[in-house]
Amino acid sequence: MKVVLDDRVMDDLAIDPITCVKQVVGKYGFSGFWFQGVANSAYEDYNRGQNSLLTRKMLLSPDGVITSSLSVRHLHEQYLSRIAASDHNFAEALKVDAPYFYTWNDIEQNKAKKLFVRYGVNSVISWPLKHFASNMWRGRFTLLSKLCCEELDLVGVEAVLKQAQMTLLEHYHHEVTPFRQHKLFNKTAIRALELAALGLLNEEISNELDITIRGVEYHFESMRNKLAATNRAHLVYKAHQLEII
């Protein structure tokens, strides 16, 4: 199988997709990135706090993020755990309508800037991209560069990122799907829902998963509450829509 990026054909058996994407975005002055799925409602959910499916705590979780290197993973984890909650850039970057350039304005923001600079990063750009198979969430690259924003040439970047997103989604779709992250549902609950979607009854699901019928009912009740589903069929429909199953 071949992966086409930036008018080049690369054998993805010889080079892993993350390294492949890193090499391509590197041509535009970016030394690293992290990539994740972002719900279209993430900005509104973040500002609503607890009264949403994706709570603020969940959106500040490092789950479902693909990083270009171990160093970038450490940067991302430190940013989330120490700074993101007080950094206006984090919330603004959850908007999915256009690229967002991080800005550093005051003392509180300088904490974020100091962290990025410590890792050799002077520019940070959040770049959302439509996911061709979903109208509920998008992919988002957070691009990191040693260069200042005015030194970056961004002509053609979006086209390259769209191809890069296709490559990453081909390999890591479940890992980055936002509604499968953040421990919203455990693996048994998701598996039970998958079996329900195939038409199995609770007793059959119980035997398949080696749990009690009451356990099956508990998982479905919990998922119905979280997804505000009115019944079993509605639950399966919503789960398909959000790509949970």
Side-chain angles (χ1 to χ4, degrees), residues 34-66 90-91 93-100 126-142 158 161-202 204-206 208-209 211 215-245:
W34 64 74
F35 176 81
Q36 62 198 125
V38 179
N40 290 347
S41 62
Y43 179 76
E44 290 76 15
D45 287 344
Y46 187 76
N47 289 314
R48 277 198 298 262
Q50 296 298 316
N51 299 319
S52 60
L53 179 60
L54 296 177
T55 64
R56 179 170 293 198
K57 181 179 179 181
M58 290 176 179
L59 290 167
L60 286 165
S61 164
D63 292 349
V65 177
I66 306 296
F90 181 81
L94 291 174
K95 294 178 179 178
V96 294
D97 53 346
Y100 173 76
S126 171
W127 207 300
L129 299 156
K130 287 185 179 180
H131 172 17
F132 68 92
S134 175
N135 61 1
M136 302 301 296
W137 64 277
R138 305 182 183 211
R140 179 184 69 176
F141 281 93
T142 300
E158 179 146 357
L161 292 180
K162 287 179 179 178
Q163 290 289 333
Q165 174 174 256
M166 290 178 64
T167 299
L168 294 179
L169 290 180
E170 178 183 356
H171 290 83
Y172 306 108
H173 185 271
H174 279 178
E175 288 88 340
V176 301
T177 303
F179 300 103
R180 291 182 66 100
Q181 313 307 322
H182 320 298
K183 301 178 182 176
L184 274 174
F185 312 111
N186 64 40
K187 292 180 180 180
T188 302
I190 292 176
R191 182 57 183 150
L193 192 54
E194 290 172 340
L195 295 172
L198 294 174
L200 273 68
L201 302 176
N202 285 3
E204 295 171 306
I205 296 171
S206 169
E208 181 73 23
L209 300 182
I211 60 176
V216 175
E217 293 171 346
Y218 168 80
H219 285 308
F220 288 153
E221 182 180 354
S222 174
M223 287 187 287
R224 279 198 300 270
N225 289 334
K226 288 181 179 179
L227 295 180
T230 55
N231 54 42
R232 189 187 188 102
H234 191 209
L235 174 62
V236 170
Y237 168 77
K238 281 201 162 186
H240 274 302
Q241 190 179 38
L242 298 177
E243 298 185 62
I244 295 169
I245 59 174

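All residue numbers refer to positions in the sequence shown, counting from 1.
No donor-acceptor pair closer than 3.5 Å links the side chain of S41 to the backbone N or O of E44. With hydrogens and angles disregarded, no donor-acceptor distance shorter than 3.5 Å links the side chain of S222 to the backbone of Y218. In this structure a side-chain-to-backbone donor-acceptor pair under 3.5 Å is present from R138 to V96. A donor-acceptor pair is defined here as one N or O able to donate and one able to accept, closer than 3.5 Å; such a pair exists between the side chain of Q181 and the backbone of E175. In this structure, the side chain of S126 does not engage the main chain of T142 through any donor-acceptor pair within 3.5 Å. Not a single donor-acceptor pair under 3.5 Å links the side chain of Q165 to the backbone N or O of P128. Distance alone, capped at 3.5 Å, is enough to place a donor-acceptor pair between the T167 side chain and the Q163 backbone. A donor-acceptor pair under 3.5 Å is absent between the side-chain atoms of R191 and the main chain of E208, judged by distance alone.
Shortest non-hydrogen contact noted between P178 and W137 is CD-CD2, 3.4 Å. The two residues E243 and S134 come nearest to each other via the heavy atoms OE2-CB, 2.9 Å. Here the closest heavy-atom approach between residue I211 and residue T188 is recorded as CD1-CG2, 4.1 Å. Nearest heavy-atom pair across F179 and A39 is CZ-CB, 3.6 Å. Considering every non-hydrogen atom in both M223 and L193, the closest pair reads SD-CD2, 3.8 Å. The shortest non-hydrogen separation linking A164 to F141 is CB-CZ, 3.7 Å.
Looking only at side-chain heavy atoms (C-beta outward), E158 and W127 come within less than 4.5 Å of each other. Contact annotation: the side chain of I190 approaches that of R180 to within less than 4.5 Å [non-hydrogen atoms, C-beta and beyond]. For the pair V176/L168, no side-chain contact is recorded, criterion being any heavy-atom separation below 4.5 Å from C-beta on. Under the 4.5 Å side-chain criterion, counting only non-hydrogen atoms from C-beta, M136 is in contact with Q241. Counting only heavy atoms from C-beta outward, the side chains of I205 and H219 never approach each other to under 4.5 Å. Side-chain contact between Y100 and L94 is absent, with no heavy-atom pair separated by less than 4.5 Å.
Residue L209 holds its CG atom at 14.0 Å from NZ of K187, rounded to the nearest 0.5 Å. To the nearest 0.5 angstrom, L54 atom CG is 10.5 Å from S61 atom OG. Between atom CG of residue L169 and atom NE2 of residue H174 there is a gap of 11.0 Å, rounded to the nearest 0.5 Å. To the nearest 0.5 Å, the span separating CZ on F35 from CG on L129 amounts to 7.0 Å.
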Practice task
Might you work through the side chain to side chain contact (heavy atoms under 4.5 Å, CB included) test for H173 and H131, ending with a clear yes or no?
Solution key: CA-CA 11 Å; H173 185 271; H131 172 17; 3.6 Å; yes

Problem - Evaluation steps, side chain to side chain contact (heavy atoms under 4.5 Å, CB included), between N202 and F220 - result: CA-CA 10 Å; N202 285 3; F220 288 153; 3.5 Å; yes

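Ring pair Y46/F90: centre-to-centre distance below 6.0 Å.
Among L227, L235, V236, the single residue meeting the side-chain contact (heavy atoms from CB on, under 4.5 Å) criterion with I244 is L227.
Residue-environment remark: CE (M58) exceeds the threshold of 12 foreign heavy atoms within 6.0 Å.
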